[in-house]
Amino acid sequence: MTERNERKERIGLVVSDKMDKSVVVKVERSFMHATYSRTVTRSVRYVAHDEKNECNIGDKVKIFETRPLSKTKRWRVGEIIEKAK
């Protein structure tokens, strides 16, 4: 029996919850620029599956990689780390 690889995990903010059972999560990463030695911030938006429609805009969530659920959904919400105020 072969073991499965670990799933990728990301932590980000929910920026849209207008879809049914789906949310858009913005994940930011920072790194040093090779030439200018400045901190550069890049962001990526992932469409994630939210089975119970629990997430709201501004929530901090952990998402996990999963099989393709639709044309754009390849992630699912694992847990809500922090609710928006």
Side-chain angles (χ1 to χ4, degrees):
M1 188 167 119
T2 59
E3 288 188 28
R4 275 195 336 201
N5 293 332
E6 287 291 315
R7 290 188 171 134
K8 292 177 187 170
E9 297 178 3
R10 302 285 187 264
I11 295 175
L13 285 175
V14 176
V15 292
S16 174
D17 63 349
K18 294 184 177 186
M19 297 170 278
D20 184 35
K21 295 188 178 183
S22 299
V23 291
V24 178
V25 180
K26 181 175 159 187
V27 176
E28 291 189 340
R29 66 184 182 92
S30 297
F31 59 94
M32 287 296 258
H33 193 280
T35 305
Y36 301 115
S37 300
R38 300 283 181 155
T39 303
V40 182
T41 304
R42 293 281 183 254
S43 63
V44 183
R45 289 161 51 108
Y46 296 107
V47 180
H49 184 66
D50 179 21
E51 182 64 40
K52 298 174 186 167
N53 281 324
E54 294 175 327
C55 296
N56 294 315
I57 294 176
D59 290 353
K60 190 174 186 179
V61 296
K62 183 184 279 191
I63 57 175
F64 299 97
E65 194 176 38
T66 186
R67 65 184 174 84
L69 299 171
S70 71
K71 181 181 172 183
T72 56
K73 280 203 296 194
R74 272 94 174 117
W75 297 81
R76 64 180 169 82
V77 175
E79 63 176 296
I80 299 172
I81 297 171
E82 185 180 315
K83 292 293 267 181
K85 293 180 170 108

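Just so it is clear, the model here is predicted, and its values are computed rather than measured.
Distance CG/Asn56 to OG/Ser16: 11.5 Å, rounded to 0.5 Å. Atom CD1 in Ile11 sits 8.0 Å away from atom CD in Glu79 (nearest 0.5 Å). For the atom pair OG1 (Thr72) and OH (Tyr46), the distance works out to 13.5 Å, reported to the nearest 0.5 Å. In this structure, NZ in Lys26 is found 8.0 Å from CZ in Arg45, a value given to the nearest 0.5 Å. The CZ atom of Arg74 sits 11.0 Å away from atom CZ of Arg67, with the distance rounded to the nearest 0.5 Å. How far CD1 of Ile57 is from CG of Leu13: 11.0 Å, rounded to the nearest 0.5 Å.
In this structure, the side chains of Ile80 and Glu54 come closer than 4.5 Å at one or more pairs of heavy atoms. Residues Lys73 and Met19 fail the side-chain proximity criterion, which asks for heavy atoms closer than 4.5 Å. Glu65 is listed as a side-chain neighbour of Trp75, based on a closest heavy-atom distance under 4.5 Å. Side-chain contact between Thr39 and Ser30: present, with at least one pair of heavy atoms (C-beta onward) separated by less than 4.5 Å.
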query: Please walk me through it: do Glu51 and Lys21 pass salt bridge (charged side-chain N to carboxylate O under 4.0 Å, His left out)?
result: CA-CA 5 Å; Glu51 182 64 40; Lys21 295 188 178 183; 3.3 Å; yes
- prompt: Hey, mind stepping through Thr66 and His49 against side chain to side chain contact (heavy atoms under 4.5 Å, CB included) and telling me if it holds?
  reply: CA-CA 10 Å; Thr66 186; His49 184 66; over 6 Å; no
